[in-house]
Protein chains: 2
Amino acid sequence: MVDGKVPDIIVGRLPLYLRALSRMRQAGAQVTSSQELGSQIGISSAQIRKDLSQFGEFGKQGTGYNVPFLITQLRRILQVEEVWDVALIGIGDLGRAIANYAGFVDRGFRITLVFESDPEKIGQRIGALTVQDMAGLEEEIHRRGVRIAMLAVPAAAAQPVTDRLVGCGVRGILCYAPTSISVPPEVQVQYTDPVLHLQHMTFYLGASQAPR
Amino acid sequence: MVDGKVPDIIVGRLPLYLRALSRMRQAGAQVTSSQELGSQIGISSAQIRKDLSQFGEFGKQGTGYNVPFLITQLRRILQVEEVWDVALIGIGDLGRAIANYAGFVDRGFRITLVFESDPEKIGQRIGALTVQDMAGLEEEIHRRGVRIAMLAVPAAAAQPVTDRLVGCGVRGILCYAPTSISVPPEVQVQYTDPVLHLQHMTFYLGASQAPR
DNA sequence: TAGATTGTTAATCGATTAACAATC
DNA sequence: TAGATTGTTAATCGATTAACAATC
């Protein structure tokens, strides 16, 4: 109910709740229950109620949760009511796909700076953005007050670039490079590596593929 | 030591260990310790030893773990000694980036089929692959014995496509669509949604961005 | 040998679930 | 009112950590 300190594992589920609720609203739902929300995302209703109770009382006995209201609350809790500016580092195929992705703004993020070290790519335009030289990274990020970066550089470049990002004020890094990076404790890091997920799945897949 | 049933949370860490070990080997390391491996990826040494002990005894007191040997063992445990054929569904910007990504094969995966519903894209070539009509999905996947799919379609299409995939023998799905999908219990699903990670981070980011 | 590090046990810590009074 | 569903407590379950004998 009162937030002394919220377990990180709970914080990590809130975006999932928000995503499911947004889809429900899109589908026209005005209310939902912990039961319905849970079955939608494969989580027990008790867990959802417990998680939400960390932040307040958002439901009504007998009827459940008002979908738009709960969305508003989760956006507030997660601090995505306003849109965050994000810097994207690395314009390979992946970086380009990220830069072109239209699904960020609705959910609280907007790529406003893109950097790349390859001289061939510097100056290219991606939508409304111009690819900038890594040389200007610190100055631009600092000047714009950007606090979040997405790192889509080769694994070998991830740590040095991270150090530069941290040095110029970035406090959240989403790392697409298939490697771990080190940051000071005040900096948030999250990783995304599809191969980790694939290898997690293959552990459970019996035998090999069908005969060819 | 003996594998009665391995907790899923442990299985999920093995790919992380494998990734870190591969980088160590690349860097020329022949041996490592649970201490070193742990500090590299931000996990306690005790946890690494405990996790590995689920599958056997891979280390040597006093000296630690032989890097290439442990890599071999993890690849065996995760069933990525051989390369898995993977079908990719959806050739938007993201699908294209996935299809072009060169980092899969080394780690056990190879995209061998790509499908798309947009008639404009069918027949296009992506590297050595030809974009195929979704109409032939079941036949092609079944014929090739493909067991794993990556889903890079819009959220609204995710569930119907999933049902088709499950119907033709796919047993592992990596879902890039920002939505949850339902599958029978024998099918593995993993998700990747960068926005979930970003929203997880913003919870911790104080105040707003710097003044503009 | 002495130092280092494993594999494993027991203790601690934290997360999930079940259950139910409160109440819409 | 009767039925439904919340928020919360206590019990259960599972994961992590600390510690150390074994041993390379």
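Note that the coordinates shown come from a computational prediction; the quantities given were computed from them, not determined experimentally. So that the names make sense, note that chain A is the first sequence line, chain B the second, and so on, each numbered from 1. Heavy atoms only: backbone and side chains are in, while hydrogens, waters and symmetry mates are out.
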Original post:
Any side-chain donor-acceptor pair under 3.5 Å between D163(A) and Q159(A)?
Top reply: yes
Check the distance between [N]'s [atom2] and [X]'s [atom1] and give it to me in whole angstrom.
X      : N       : atom1 : atom2 : result
I43(A) : dT16(C) : CD1   : P     : 8 Å
K50(B) : dA15(D) : NZ    : C1'   : 8 Å
I10(A) : dG7(D)  : CD1   : C1'   : 14 Å
I48(A) : dT17(C) : CD1   : C1'   : 13 Å
F55(A) : dT6(D)  : CZ    : C1'   : 17 Å
D8(B)  : dT16(D) : CG    : P     : 12 Å
L52(B) : dT8(C)  : CG    : C1'   : 13 Å
E57(A) : dT23(C) : CD    : P     : 10 Å

Subject >> I9(A) or D51(B), whichever maps to the more 5' nucleotide of DNA chain C >> reply: D51(B)
Original post:
Can R144(A) and T112(A) be said to form a side-chain hydrogen bond (donor to acceptor under 3.5 Å, both in side chains), step by step?
Top reply: CA-CA 9 Å; R144(A) 303 248 209 150; T112(A) 53; 4.6 Å; no
Subject >> Q35(B), CD atom: more than 12 neighbouring heavy atoms under 6.0 Å >> reply: no
Original post:
Do Q79(A) side-chain atoms and F203(B) backbone N/O form a donor-acceptor pair below 3.5 Å?
Top reply: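 Answer holds: yes.
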Subject >> N/O donor-acceptor pair under 3.5 Å between Q190(B) side chain and I173(B) backbone >> reply: no
Subject >> dC24(D) - base-pair partner by Watson-Crick or wobble geometry, distances under 3.5 Å >> reply: dG3(C)
Subject >> Complement of dT17(C), any strand, by Watson-Crick or G-U distances under 3.5 angstrom >> reply: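 dA10(D) is the nucleotide pairing with dT17(C).
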Original post:
With respect to the side chain of S53(B), which nucleotide from dT17(D), dT8(C), dT8(D) is positioned closest?
Top reply: dT8(C)
Original post:
What nucleotide, of dA15(C), dT16(D), dT16(C), holds the atom closest to the side chain of Q47(A)?
Top reply: dT16(C)
Original post:
Closer than 4.0 Å, any side-chain N/O of S44(B) to the OP1 or OP2 of dT17(D)?
Top reply: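 Indeed, a polar side-chain atom of S44(B) lies that close.
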Original post:
Closer than 4.0 Å, any side-chain N/O of R49(A) to the OP1 or OP2 of dG7(D)?
Top reply: no
**OP:** Find the distance between CE (M150(A)) and CG (L94(A)) and round it off to the nearest 0.5 Å.
**Re:**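 Here the rounded value is 9.5 Å.
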**OP:** Report the distance from atom CG of L165(B) to atom CG of L151(B), rounding to the nearest 0.5 Å.
**Re:** 6.5 Å
Original post:
Taking side chain as C-beta onward, heavy atoms only, is Y191(B) less than 4.5 Å from L174(B)?
Top reply: no
Subject >> Close side-chain approach of L88(A) to F115(A), heavy-atom, < 4.5 Å >> reply: no
**OP:** For salt bridge (charged side-chain N to carboxylate O under 4.0 Å, His left out), just list the numbers for R107(B) and D193(A), CA-CA rounded to whole Å, side-chain angles, deciding distance to a tenth of an Å, and then say yes or no.
**Re:** CA-CA 12 Å; R107(B) 301 171 74 193; D193(A) 179 351; 2.9 Å; yes
Subject >> Within residues 13-40 of chain B, residues whose heavy atoms come under 4.0 Å of DNA chain C >> reply: S33(B), S34(B)
Subject >> Positions of residues 60-73 of chain B (non-hydrogen atom under 4.0 Å from DNA chain C), listed by number >> reply: K60(B), Q61(B), G62(B), T63(B), G64(B), Y65(B)
